[in-house]
Chemist: 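What follows is a structure written as structure tokens; I'll ask about it next.
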Amino acid sequence: MTPAGAVTVFVVDDDAGMRASVQGLLKSAGLRSESFGTAEEFLRSKRPDEPSCLVLDVSLPGVNGLDFQRQLAEAGVQTPIVFITGHGDIPMTVKAMKSGAVEFLTKPFQDQDLLDAIHQALDRDRLRRKQESGLAELRKRYQALTAREREVMSLVVSGMLNKQIASELGTSEITVKIHRGHAMRKMKADSLAELVRMAAKLELPPSRK
């Protein structure tokens, strides 16, 4: 287990001096880091499951930084990226930012600008992880519902009244109320509005109304 509050900054740059410089800065700021000379080295590494970000040089041997950004996205790796480059231009910057980069810094940059970008990237990753954890918990609750409770929940969040649901399912209104109550309790929803928000997050298929 990683300690609470632990983060890792991954530095990928083929310039050993730059890697050492960035890691020294990160250490002085109390941030743990790992460095790699190529994108391939980073991909082969075993990365801890904790909030992280990637400080990535645009000009790398083999695959360049922008292509690597695309490859990571295609592989489902959502680690936020802070680009650094010795010769950036506007089209390159626009492409990187449109693809989700947190910042695009041209060398030589101010230490504080890099640290600010890294903290922004780490905050973004913390938020993503929190949202994913919440969604996983919602899915777990939904899986605990019976097939009929899911059916009733789907019809409830579509806006149907209990008596309409009873008619739709060919059962009694009392039975619908019981299933609805079970679904609300198992989902830990305090109100219909909250249940509707949960259903939206779960992207449930539309009811057969």
Side-chain angles (χ1 to χ4, degrees), residues 1-10 32 42-54 68-82 96-103 117-209:
M1 277 181 67
T2 54
V7 299
T8 302
V9 180
F10 301 109
R32 178 179 176 274
F42 170 76
L43 288 175
R44 286 196 301 268
S45 69
K46 182 171 172 56
R47 299 180 292 281
D49 183 17
E50 62 194 23
S52 59
C53 72
L54 187 57
F68 186 48
Q69 179 187 32
R70 190 188 71 252
Q71 288 178 10
L72 289 175
E74 289 171 353
V77 177
Q78 300 182 59
T79 306
I81 297 173
V82 175
M97 300 302 283
K98 276 188 172 180
S99 297
V102 174
E103 186 58 275
I118 286 170
H119 282 298
Q120 186 183 341
L122 291 171
D123 286 344
R124 182 186 291 186
D125 202 44
R126 286 190 191 97
L127 178 60
R128 175 186 66 81
R129 287 169 173 272
K130 184 178 179 181
Q131 290 171 337
E132 286 183 354
S133 175
L135 186 56
E137 173 60 27
L138 269 187
R139 287 190 179 123
K140 187 177 175 183
R141 293 178 199 170
Y142 185 69
Q143 291 301 319
L145 301 184
T146 65
R148 181 45 64 97
E149 286 164 358
R150 289 181 201 173
E151 205 169 15
V152 168
M153 175 177 164
S154 179
L155 294 169
V156 165
V157 300
S158 75
M160 291 177 72
L161 302 174
N162 287 344
K163 63 181 179 181
Q164 293 172 315
I165 296 171
S167 173
E168 172 79 14
L169 300 179
T171 188
S172 70
E173 197 172 337
I174 291 292
T175 301
V176 169
K177 284 182 181 177
I178 291 170
H179 287 312
R180 177 174 177 160
H182 287 168
M184 295 277 286
R185 179 176 54 79
K186 289 181 181 178
M187 293 300 295
K188 299 184 180 178
D190 295 326
S191 65
L192 174 58
E194 190 175 2
L195 193 68
V196 170
R197 284 195 294 272
M198 289 176 173
K201 286 180 182 177
L202 289 167
E203 298 180 344
L204 298 182
S207 68
R208 56 189 181 85
K209 184 179 81 166

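Everything quoted here is computed from the prediction, not taken from an experiment.
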Chemist: Give me the atom names and distance for the closest heavy-atom approach of R32 to P48.
Modeler: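 What the structure gives for the nearest pair is NH1-CG, 4.0 Å.
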Chemist: What are the two closest heavy atoms between E173 and N162, and how far apart are they?
Modeler: CG-CB, 3.8 Å
Chemist: Nearest 0.5 Å, please: how far is NZ in K140 from CG in L138?
Modeler: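 That separation rounds to 12.0 Å.
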Chemist: Would you say that H119 contacts V7 through its side chain, given a criterion of any heavy-atom pair below 4.5 Å between the two side chains?
Modeler: no
Chemist: Below 4.5 Å, heavy atoms only, C-beta onward: do K186 and R141 meet side chain to side chain?
Modeler: no
Chemist: As an exercise, state the distance from OG of S191 to CZ of R197, rounded to the nearest 0.5 Å.
Modeler: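 Here the rounded value is 6.0 Å.
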Chemist: Is any side-chain heavy atom of Q120 less than 4.5 Å from a side-chain heavy atom of E103?
Modeler: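 Contact flag for Q120/E103 side chains = no.
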Chemist: Given C53, which of I81, T8, V102, L122 fulfils the side-chain contact (heavy atoms from CB on, under 4.5 Å) condition?
Modeler: L122
Chemist: Passes side-chain contact (heavy atoms from CB on, under 4.5 Å), I178 versus R148? Steps please.
Modeler: CA-CA 11 Å; I178 291 170; R148 181 45 64 97; over 6 Å; no
Chemist: Can you find a pair of side-chain heavy atoms, one from H179 and one from L155, that are under 4.5 Å apart?
Modeler: no
Chemist: Quick one: closest heavy-atom pair of A6 and E50, and the distance?
Modeler: CB-OE1, 3.6 Å
Chemist: How close do P80 and S52 get, counting heavy atoms only, and between which atoms?
Modeler: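 Heavy atoms of P80 and S52 come nearest at CD-O, 3.4 Å.
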Chemist: Once side chain to side chain donor-acceptor pair (under 3.5 Å) is applied, do any residues pair with R126, and if so which ones, sequence neighbours excluded?
Modeler: D123
Chemist: Which atom names give the shortest non-hydrogen contact between V82 and A121, and what distance separates them?
Modeler: CG2-CB, 4.1 Å
Chemist: First locate atom NZ of K188, then atom CD of E194, and finally report the distance between them rounded to the nearest 0.5 Å.
Modeler: 11.5 Å
Chemist: If I take atom CG from residue L135 and atom CG from residue L202, how far apart are they, to the nearest 0.5 angstrom?
Modeler: 6.0 Å
Chemist: Can you check whether R150 reaches Q143 side chain to side chain, under 4.5 Å on heavy atoms?
Modeler: yes
Chemist: Who passes side chain to side chain donor-acceptor pair (under 3.5 Å) against Q78, sequence neighbours left out?
Modeler: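 With sequence neighbours excluded, Q78 shows a side chain to side chain donor-acceptor pair (under 3.5 Å) to E132, given in chain and number order.
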Chemist: With P51 as reference, evaluate T79, L127, D125 under the side-chain contact (heavy atoms from CB on, under 4.5 Å) test and give the passing residue.
Modeler: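 Option passing the side-chain contact (heavy atoms from CB on, under 4.5 Å) with P51: D125.
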Chemist: Assess whether atom CD of E203 is packed by more than 12 heavy atoms of other residues, nucleotides or ligands within 6.0 Å.
Modeler: no
Chemist: Which heavy atom in V176 sits nearest to a heavy atom in V152, and how many Å separate them?
Modeler: O-CG1, 4.1 Å
Chemist: Can you tell if the side chain of L72 reaches within under 4.5 Å of the side chain of L54, non-hydrogen atoms only?
Modeler: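 SC-SC contact between L72 and L54 confirmed.
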Chemist: Going by side chain to side chain contact (heavy atoms under 4.5 Å, CB included), name the residues that satisfy it together with A199, two or more places apart in sequence or in a different chain.
Modeler: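 For A199 the side chain to side chain contact (heavy atoms under 4.5 Å, CB included) partners, ignoring immediate neighbours, are M153, V157, L204.
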Chemist: Answer yes or no: is there a side-chain heavy-atom contact under 4.5 Å between E151 and T146?
Modeler: no
Chemist: Report the distance from atom CD of E168 to atom NZ of K163, rounding to the nearest 0.5 Å.
Modeler: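 It is 15.0 Å, given to the nearest 0.5 Å.
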